[in-house]
Amino acid sequence: MDTVDSDLPDAAVEHISQMLTLAKSKHQEAMALLGTPDPNALPRLREVLRLLEEVELLADDATSYVEADVMKAAIKDLHFQQAAVQAVIARLENVRVQSPWATPWPWFTLIMLAALIGYFAS
């Protein structure tokens, strides 16, 4: 059931419209960032999450003026998107921590082995 207060002043309607326009713009920016591959995805994904959180704040604010099923559904979809991005961030952080190459010791060991091989090969 949609509830729209027809007694909203024009300024409130304009404010809601601006909030939703800004939310849509930020959401589009977040989705564009998701499609931009790079070797270090974590900063980009954190920016996506930040943008989605801003979208959520704007949508929640708009919903405080107008209660509509379509807004509730959009916020629910937004929560799924946020959860998906958070899961990817957690997975990437976990992989980075578990990787033995994330520490200097494997590299140091390889350099020492190469130096020893070079020393004994001469």
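- Partners of H15 under the ring-ring contact (aromatic ring centres under 6.0 Å, His included) rule, at least two apart in sequence or in another chain, are Y65.
- Applying the salt bridge (Lys or Arg N to Asp or Glu O under 4.0 Å) test to pairs two or more places apart or on separate chains, none has a residue in residues 55-65.
- Taken to the nearest 0.5 Å, the CG atom of L58 stands 10.5 Å off from the OG1 atom of T63.
- Residues satisfying the side chain to side chain contact (heavy atoms under 4.5 Å, CB included) criterion with V88, sequence neighbours excluded, are L45, R91, L92.
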task: Check step by step if side chain to side chain contact (heavy atoms under 4.5 Å, CB included) holds for L42 and N40.
output: CA-CA 6 Å; L42 284 173; N40 185 5; 4.0 Å; yes
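- Closest approach of A59 and M71 over heavy atoms only: O-CE, 3.5 Å.
- To the nearest 0.5 Å, atoms CD (E53) and CZ (R50) are separated by 9.0 Å.
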Please table the atom pairs, donor to acceptor, closer than 3.5 Å between any side-chain atom in residues 18-34 and protein atoms at least two apart or in another chain.
{"from": "Q18", "atom 1": "NE2", "to": "E14", "atom 2": "OE2", "distance (Å)": "3.2"}
{"from": "T21", "atom 1": "OG1", "to": "S17", "atom 2": "O", "distance (Å)": "2.8"}
{"from": "K26", "atom 1": "NZ", "to": "E54", "atom 2": "OE1", "distance (Å)": "2.5"}
{"from": "H27", "atom 1": "NE2", "to": "Q81", "atom 2": "OE1", "distance (Å)": "2.7"}
{"from": "H27", "atom 1": "NE2", "to": "Q81", "atom 2": "NE2", "distance (Å)": "3.4"}

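- Under the 4.5 Å side-chain heavy-atom criterion for Ile, Leu, Val, Met, Phe, Trp and Tyr, I75 and V48 are members of distinct hydrophobic clusters.
- Within a 6.0 Å radius of CG in D77, more than 12 heavy atoms belonging to other residues, nucleotides or ligands are found.
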